[in-house]
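The structure under discussion appears below in the form of structure tokens.
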2 protein chains.
Amino acid sequence: MTLKAVYEHTNCDDCPIRHRAVCAHCEKDELEELETIKYYRSFEAGQTIIWSGDPMNFVGSVVSGIASLTQTMEDGRTQMVGLLLPSDFVGRPGRESAAYDVVATTDLVMCCFRKKPFEDMMGHTPHIAHRLLQMTLDELDAAREWMLVLGRKTAREKIASLLSIIARRDASIQPKGMSGPIVFDLPLTREAMADYLGLTLETVSRQISALKKDQIILLEGKRHVTIPDIGRLMEEAGDDTDGGYLN
Amino acid sequence: MTLKAVYEHTNCDDCPIRHRAVCAHCEKDELEELETIKYYRSFEAGQTIIWSGDPMNFVGSVVSGIASLTQTMEDGRTQMVGLLLPSDFVGRPGRESAAYDVVATTDLVMCCFRKKPFEDMMGHTPHIAHRLLQMTLDELDAAREWMLVLGRKTAREKIASLLSIIARRDASIQPKGMSGPIVFDLPLTREAMADYLGLTLETVSRQISALKKDQIILLEGKRHVTIPDIGRLMEEAGDDTDGGYLN
DNA sequence: CAGGTACTTTGACCGAGATCAAGTGGAAGC
DNA sequence: GCTTCCACTTGATCTCGGTCAAAGTACCTG
């Protein structure tokens with residue numbers, strides 16, 4: 001019940017972020033053990049938080065901003081394998097080193113816990129272990145959904161998929177009645193979108209222009225997006241399921 | 001310790017399969033609670049085990065044969081999102097219905113547990129929950145590795161990636177000294193490979209022929225593969241990391 | 001305000017892989 | 001032995017998205 005306030009509630013009056021993750025951000029926090037091992041870290045846009053292979057002595061969750069998990073081949077080809085939005089969890093209990101580059105895509109604040117104490121606590125707090133399992137399973141579903149996007153969708157469908165995921169995730173913050181246009185700022189550069197979608201930045205730019213021409217989306221400047229009809233966008237994405245995780 | 005025999009050992013003298021999963025297959029089993037809720041199911045190649053969206057009242061692990069997790073779009077495009085080899089876990093505690101089609105790619109035997117009792121047991125057996133978390137994290141890593149394959153690799157690299165993963169997984173069953181040629185039978189049709197790699201079956205066929213011509217692999221018939229030099233194959237895959245999960 | 005930098009757009013061209021279409025080979029059934 | 005079927009191979013052609021190149025735009029900084 002109180003524990004719930006720490007790691008399970010999805011909206012909290014005392015803080016602006018959603019806690020899907022294990023994060024003792026808000027003042028209701030009564031789990032003192034968590035409190036003693038947590039700390040905050042800030043990063044600037046573009047900063048690398050961890051390099052793949054580096055030792056990683058903490059776990060944590062995103063408080064504000066966006067981070068990305070990226071894999072790189074020797075020849076420089078890169079693929080983003082995860083997008084971490086506020087409340088998403090970072091790190092892997094039971095693993096010494098990072099498996100991916102973690103990069104701050106925007107300015108970023110993270111709430112961290114030192115790994116060892118966190119793992120200890122997981123050992124005698126089954127609820128947290130259970131919650132972590134659920135979150136990991138959600139991420140697995142998201143990754144697999146993305147495999148369909150990467151493997152089988154056209155460039156246009158890929159863009160539409162990404163936009164509709166961001167739109168829905170964004171809309172869920174202020175679910176003011178499910179209808180009406182959705183407005184948001186793209187938190188990603190064209191290049192980051194390309195890395196996520198397995199495209200080149202030129203193709204991303206072209207397809208966004210095409211969607212704009214067809215009035216599926218409206219663009220103000222380069223980043224400010226209005227989606228007049230989310231249904232039409234999802235049609236473009238080839239998405240019938242109203243699922244759509246983003247990690 | 002005894003529990004270990006049930007779900008943690010990776011090789012067991014009494015049975016031919018590896019237990020990476022929670023499976024009470026071997027006779028050493030002393031966890032009677034697990035014993036009482038387990039049962040076996042057999043499937044023929046091509047048979048669908050569960051359809052996406054169907055209620056799913058069990059979890060389990062593959063004993064022998066291969067199953068695949070598949071997603072399908074309305075227009076028929078399909079993407080395989082996971083390949084389940086012996087010892088891999090199927091099903092998701094805490095979810096009512098299946099998220100993907102699960103299909104027996106070859107003849108298949110599964111070891112199943114009814115979901116509710118299994119979940120109950122997880123509640124008071126933290127080791128199993130912990131083990132399940134580790135396995136899920138492994139699967140997540142595998143899925144993300146595959147995102148790089150789907151998003152950024154060429155057809156030839158994709159084929160080489162798949163072959164080297166199967167080869168290494170296969171070789172690990174009989175690690176007779178790490179060197180020498182690796183021999184195995186492809187457990188997948190060209191079409192299944194295409195669905196896994198995000199290609200068409202024609203392209204798969206062409207690239208396999210090309211790898212054969214270049215002596216990276218040897219083919220006897222259509223399925224029997226010999227890999228004279230796994231290092232060369234991994235080079236073709238663009239893979240420097242010697243990682244390589246298959247779920 | 002000029003100049004620089006980072007991000008984005010647009011155009012022209014090309015090629016990897018998809019698509020369409022035969023054709024091959026081996027195993028099962030009659 | 002012959003047909004049928006299925007998995008696979010191979011060829012010809014087309015197309016989507018990549019590549020290379022050039023501009024355009026917004027935001028700094030001096």
Side-chain angles (χ1 to χ4, degrees), chain A residues 44-47 66 73 75-79 103-107 149-163 185-214 217-225 236 238, chain B residues 44-46 73 75-79 103 105-106 149-163 185-214 217-225 236 238:
Chain A
E44 289 176 18
Q47 216 178 333
I66 296 188
M73 294 172 67
D75 62 7
R77 283 176 281 177
T78 68
Q79 175 67 50
V103 180
T105 299
T106 64
D107 288 346
V149 173
L150 290 173
R152 292 301 184 191
K153 291 196 178 180
T154 64
R156 186 181 173 96
E157 290 170 333
K158 285 179 175 182
I159 299 287
S161 296
L162 179 57
L163 289 178
D185 282 303
L186 270 180
L188 302 174
T189 65
R190 301 291 184 262
E191 188 180 19
M193 294 176 69
D195 281 345
Y196 200 28
L197 296 165
L199 297 171
T200 60
L201 68 90
E202 292 96 329
T203 299
V204 170
S205 181
R206 272 186 251 273
Q207 294 301 332
I208 288 181
S209 298
L211 288 174
K212 184 172 66 175
K213 188 165 66 64
D214 298 346
I217 62 174
L218 308 178
L219 261 188
E220 216 172 312
K222 289 155 190 323
R223 297 290 191 89
H224 194 71
V225 180
E236 290 290 340
Chain B
E44 288 176 17
M73 295 172 67
D75 61 7
R77 282 177 281 177
T78 69
Q79 175 68 50
V103 181
T105 299
T106 65
V149 173
L150 290 173
R152 292 300 183 192
K153 291 196 177 179
T154 64
R156 186 184 174 97
E157 289 170 334
K158 285 178 176 183
I159 299 288
S161 296
L162 179 56
L163 289 177
D185 282 303
L186 271 179
L188 302 174
T189 65
R190 301 292 186 263
E191 187 179 20
M193 295 175 71
D195 282 344
Y196 199 29
L197 297 166
L199 298 170
T200 59
L201 68 92
E202 292 96 328
T203 299
V204 170
S205 181
R206 273 187 252 271
Q207 294 300 333
I208 287 181
S209 298
L211 288 175
K212 184 171 66 176
K213 187 164 69 63
D214 297 346
I217 63 173
L218 308 177
L219 261 188
E220 214 173 312
K222 288 152 191 327
R223 298 288 190 89
H224 193 73
V225 180
E236 290 290 339

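Worth knowing before you read on, the calculation uses all heavy atoms, side chains too, and leaves out hydrogens, waters and symmetry mates.
- Atom CD of A:E220 is separated from atom P of D:dA26 by 12 Å (rounded to the nearest Å).
- Distance B:K212 NZ to D:dT10 C1': 12 Å, rounded to the nearest Å.
- Of the candidates C:dA18, D:dT10, C:dT9, the closest approach to any side-chain atom of B:T203 belongs to C:dA18.
- The distance from the OH atom of B:Y196 to the CG atom of B:L150 is 8.5 Å, given to the nearest 0.5 Å.
- Side-chain atoms of A:R190 lie closest to C:dT8 of the nucleotides D:dG17, C:dG17, C:dT8.
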Handout entry: Verdict with reasoning, A:M73 to A:T78, per side-chain contact (heavy atoms from CB on, under 4.5 Å)
Key = CA-CA 6 Å; A:M73 294 172 67; A:T78 68; over 6 Å; no
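- Between B:Q207 and A:L201, the one whose closest nucleotide on DNA chain C sits nearer the 5' end is A:L201.
- OP1 or OP2 of C:dT10 lies within a sub-4.0 Å distance of a side-chain N or O belonging to A:S209.
- Counting non-hydrogen atoms under 4.0 angstrom, A:T189 reaches the backbone sugars and phosphates but no base.
- A:H224 has its NE2 atom 19 Å from the C1' atom of D:dC27, to the nearest Å.
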Problem - side-chain contact (heavy atoms from CB on, under 4.5 Å) assessment of B:L219 paired with B:V225 - result: CA-CA 5 Å; B:L219 261 188; B:V225 180; 3.9 Å; yes
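- Residue-level contact check: B:R223 touches the backbone only, with heavy atoms under 4.0 Å from sugar-phosphate atoms and none from bases.
- Atom CD of A:E157 is separated from atom CZ of B:R77 by 4.0 Å, given to the nearest 0.5 angstrom.
- Residue A:G46 is classed as having no contact, given no heavy-atom separation below 4.0 Å to the nucleic acid.
- Between the P atom of C:dA18 and the NZ atom of B:K158 lies a distance of 7 Å, rounded to the nearest Å.
- Rounded to whole Å, the distance from CG on A:L186 to P on C:dA6 is 21 Å.
- Distance, A:E191 CD to C:dT5 P: 18 Å, rounded to whole Å.
- Using a 4.0 Å heavy-atom cutoff across all strands shown, B:L199 reaches sugar-phosphate atoms only and no base atom.
- Both A:R206 and A:K222 lie near DNA chain D, and the one whose nearest nucleotide falls closer to the 5' end is A:R206.
- If you take CG of A:L197 and C1' of D:dC16, they are 16 Å apart, rounded to a whole angstrom.
- Of all nucleotides listed (D:dT9, D:dG18, C:dA18), D:dT9 comes nearest to the side chain of B:L219.
- Side-chain proximity of B:E202 to the nucleotides C:dT19, C:dT10, D:dG18 is greatest for C:dT19.
- Checked for salt-bridge contact, B:R156 and B:D214 meet the test: a charged N lies under 4.0 Å from a carboxylate O.
- A sub-4.0 Å separation between OP1 or OP2 of C:dT19 and a side-chain N or O of B:T200 is absent.
- If you take CG of A:D195 and P of D:dG18, they are 12 Å apart, rounded to a whole angstrom.
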